[in-house]
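One is the number of the first residue; the rest follow in order along the sequence. Worth knowing before you read on, the calculation uses all heavy atoms, side chains too, and leaves out hydrogens, waters and symmetry mates.
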Amino acid sequence: MYGAAPKKSLVDVLRDANLISDEVYQEIHEKILEGWVKKPIQSDQSADSDSESYRQILEEIEQAGESEEEILNEYVSPKVLELAKKGRESGTSIMHLEDLNPEEDALNKVPPSFAYRNKVVPVRLDGNVLTVAIADINDIVLIDEIGYVTECEIDLRIADEDDISEAIVRSYGRDAASLLSAGIKGPVGAASTIERASIEDFGIDERDLTEDPTVVDAVSQMIIDAVRAGASDIHIEPYPEELKIRFRVDGVLEDQEQPPAYLQSAITSRIKIMADMDVAERRLPQDGKINTEIGSLGRRQIDLRVSTVPTVATQHSESVVLRILDRQSIEFGLTQLGLTDENYDLFQRMIHKPHGIILATGPTGSGKTTSLYACLKEINTPEVKIITLEDPVEYELEGINQIQVNPEIGFTFANGLRHILRQDPDKVLVGEIRDEETAEMAIHTSLTGHLVFSTLHTNDAPGAITRLIDMGVEPYLVTSTVEGIIAQRLARRVCKACCTMYTPSAEEISVLFRSNGVNIPTDLRIPRANDDGCKECRGRGYRGRIGIFEVLFMTEEMRALALKQASTSELRQLAVKLGMKSLREDGWQKVVAGHTTVDEVLRLTQEDAYDYEDENTGHLRTGSEFGTDSSISAQ
């Protein structure tokens, strides 16, 4: 019989790679066939004898019972399942590299630089046959090059790209710090301070050192490592005896392996060159920007906002922070922010107003810009012209006119607003309302028929009203223009692969909500993070973040109270009475939905006397109001 061989099932692909045992294979096999024939395989039938008919009925099973993928989700991680799909489609065997130690003879066949540059891992050598793990089985040029370099017959396996990168570091030790430590050597005892790593120690000029291939590669690798780890910032901090590198991942700083302290100036200078900054100026703070593309991550486009400030750790030392602006991370709509259905509806009502002001509040790094960008993408249609004023422009949005303000030449937010009104916009985004002049111009823009989006630094939504009034804006202008206010925080998502589920006690809930007497459903189970983490979350217990929101929709009652210049607590009490869910209550709903933990909600939110107490009964809200209704948009 001619023609291509039929594709293997996912179950067969996993068993061939020894990722499931024969017992588990048989168990899965029975579950899938039960959906079609409504009875398990007879014990005297072998899985191999049924494999042909098994493949023929897989499509019918999709309609008659649970699909193959649905059942496999109970046995393997999403990453392994995705790997199995690639193997099935290409007809190539797969390999899971986690905890796999390649043979030394195999590693010797592939130079570290080649493995690092091309993302390949030699696994074992059997005679002249070299088994190699590769991410892209269709890269014919690379496959030929592997054979040429190793002079071996190549047996290919498909592996996950992130696992390959980690296996390279594990096998060759080529991370940024080791590149530096191994590449540039100083005399024994010469690196006790940065100053002693100078010309007399090494006999080379510091500017030449910044172009040393080892420093160049190490800085690039540091950026790649940070992006791969999902970091939002890279912190490079000089101290007399060490150079500390830290990544901020999911809002928390994590120490990285330290390069030699004497290379602090070389690393800083290299980053300044990349950011087109003045390398010789070390006395003043500087800002710059790096635009780069990471080929090993699918030609991923990354922008880095660079800030340097002088410190007194050593002479001429500088602290450097790189804010990573990953364009891939802004591919979010409102449905991906983590809004409950109720808050999503409020968002939709606000952003489709014809005019007015919508404010996003929260501390630095709480996701305000991402939320406002998601709002703009939602309303960006060919019939609408949108102009933004930002400092700086963090992401470039298609179809939107974005303007970078420059206070040094007098181009401020307020000044920019005056000019862009002549550009006939429909919607306007102002990066931040920092002073009375900008606030008044934003209000003037809204009064002339435009919808204005902006940010404020306040702790909660009602506080934005009193903040504007404190700036000097007349209360009647605030109440007549502000249509909605969003306060938000970013909570870490608990790792689904290693978290445990448990039933919380009334005492634990009372820590969240200071009154007692909370009715907890007997079947309620919420997640707890694993302190040791796992491979999926890189030992953190958390992976990614989700928004916690407090959405205040301006009603006539709120406008009337704000007009009387009521305090923030009075405004908050009325907002809660009218149905506003506080940050803590929204966080609890995320806990009930299994997205985050009680510890995260406690870390990010503060207790409020009016959040959960009914002024008539004095009891806490119960039922769906208290969070058992866990319908949340982000999955």
Q | Electrostatic pair Glu166-Arg538, nearest N-O below 4.0 angstrom | A | yes
Q | Donor + acceptor pair across side chains of Gln256, Asp225 (<3.5 Å) | A | no
Q: Using atom types as modelled and distance alone, determine if a side-chain donor or acceptor of Thr596 lies under 3.5 Å from a backbone N or O of Arg492.
A: yes
Q: Could you tell me whether a side-chain N or O of Arg248 sits under 3.5 Å from a main-chain N or O of Asp233, the two making a donor and an acceptor?
A: no
Q | Pairing residues for Arg603 by the side-chain hydrogen bond (donor to acceptor under 3.5 Å, both in side chains) criterion, not counting sequence neighbours | A | Glu600
Q | Least distance between heavy atoms, Lys368 atom then Leu456 atom | A | CD-O, 4.2 Å
Q) Minimum heavy-atom separation for Ile400 to Asn380, with atom names? A) CG1-ND2, 3.7 Å
**Q.** Chi angles and distances behind the side chain to side chain contact (heavy atoms under 4.5 Å, CB included) call for Phe247, Ile234
**A.** CA-CA 5 Å; Phe247 295 167; Ile234 303 172; 3.9 Å; yes
Q.
Check Lys79 with Asp163, please: is the shortest side-chain N to carboxylate O separation under 4.0 Å?
A. yes
Q.
Between Glu237 (side chain only) and Ser319 (backbone N and O only), is there a donor and an acceptor less than 3.5 Å apart?
A. no
Q.
Run Met222 and Ile224 through side chain to side chain contact (heavy atoms under 4.5 Å, CB included) and show every step you take.
A. CA-CA 5 Å; Met222 178 175 61; Ile224 294 172; over 6 Å; no
Q: Using only heavy-atom distances, determine whether the side chains of Gln264 and Thr268 contain a donor-acceptor pair under 3.5 Å.
A: yes
Q.
To the closest 0.5 Å, what do you measure between CZ (Arg528) and CG (Asp531)?
A. 9.5 Å
Q. Just by modelled atom types, is the Gly367 backbone N or O under 3.5 Å from a matching donor or acceptor in the Ser371 side chain?
A. yes
Q.
Would you compute the distance between atom NE2 of His595 and atom CD1 of Ile546 and round it to the nearest 0.5 angstrom?
A. 4.5 Å
**Q.** With sequence neighbours excluded, residues passing side-chain hydrogen bond (donor to acceptor under 3.5 Å, both in side chains) with Ser307
**A.** none
Q: Determine the minimum heavy-atom distance between Ile433 and Met471, stating which atoms define it.
A: O-CE, 3.6 Å
Q | Side-chain donor or acceptor of Lys244 paired with backbone N/O of His235 under 3.5 Å | A | no
Q) Using a distance-only test with no angle check, is there a side-chain donor-acceptor pair under 3.5 angstrom linking Glu390 and Thr388? A) yes
Q. Should Leu337 and Phe549 be marked as a side chain to side chain contact (heavy atoms under 4.5 Å, CB included) after you check the CA-CA gap, both sets of side-chain angles, and the distance that decides it?
A. CA-CA 10 Å; Leu337 293 180; Phe549 297 92; 4.0 Å; yes
Q) Does Lys86 reach the main-chain N or O of Ile94 with its side chain, forming a donor-acceptor pair under 3.5 Å? A) no
Q | Minimum-distance pair of heavy atoms, taken over all atoms of Ala491 and Ile548 | A | CB-CD1, 3.6 Å
Q) Between Leu334 and Gln348, what is the shortest heavy-atom contact and its length? A) CD1-NE2, 3.8 Å
Q. Does the distance from a Lys or Arg side-chain N to an Asp or Glu carboxylate O, for Lys272 and Glu281, drop under 4.0 Å?
A. no
Q.
Looking at every non-hydrogen atom in both residues, tell me the closest pair between Ser317 and Thr311 and how far apart they are.
A. OG-OG1, 2.8 Å
(Q) Taking the basic N atoms (NZ, or NE/NH1/NH2) and the acidic carboxylate oxygens, is any pair closer than 4.0 Å for Arg300 and Glu293? (A) no
Q | Evaluation steps, salt bridge (charged side-chain N to carboxylate O under 4.0 Å, His left out), between Arg434 and Asp391 | A | CA-CA 12 Å; Arg434 298 174 177 171; Asp391 184 22; 3.5 Å; yes
Q. Of all residues at least two apart in sequence or in a different chain, which pass the side-chain hydrogen bond (donor to acceptor under 3.5 Å, both in side chains) check with Gln286?
A. none
Q. With no hydrogens and no angle check, is any side-chain donor or acceptor of Ser454 less than 3.5 Å from a backbone partner on Val430?
A. yes
Q | Arg228 side chain to Ser165 side chain, donor-acceptor N/O pair below 3.5 angstrom | A | yes
Q: Show your reasoning for whether side chain to side chain contact (heavy atoms under 4.5 Å, CB included) applies to Val591 and Val601.
A: CA-CA 8 Å; Val591 172; Val601 176; 3.6 Å; yes
Q. Among Arg572, Arg489, Lys581, which one satisfies salt bridge (Lys or Arg N to Asp or Glu O under 4.0 Å) with Asp460?
A. Arg572
Q) Should we say atom CG of Asp255 is surrounded by more than 12 heavy atoms from elsewhere, each under 6.0 Å from it? A) yes
Q. What residue among Leu359, Ile486, Ile465, Leu346 forms side chain to side chain contact (heavy atoms under 4.5 Å, CB included) with Leu552?
A. Ile465
(Q) Donor-acceptor check, side chain of Asn291 to backbone of Asp303, threshold 3.5 angstrom: yes or no? (A) no
Q) Roughly how far, to the nearest 0.5 Å, is CZ of Phe453 from CG of Leu429? A) 7.5 Å
Q. Do side-chain atoms of Glu550 reach the backbone of Ser582 as a donor and acceptor pair under 3.5 angstrom?
A. no
Q. Just by distance, do the side chain of Thr458 and the backbone of Thr361 share a donor-acceptor pair under 3.5 Å?
A. no
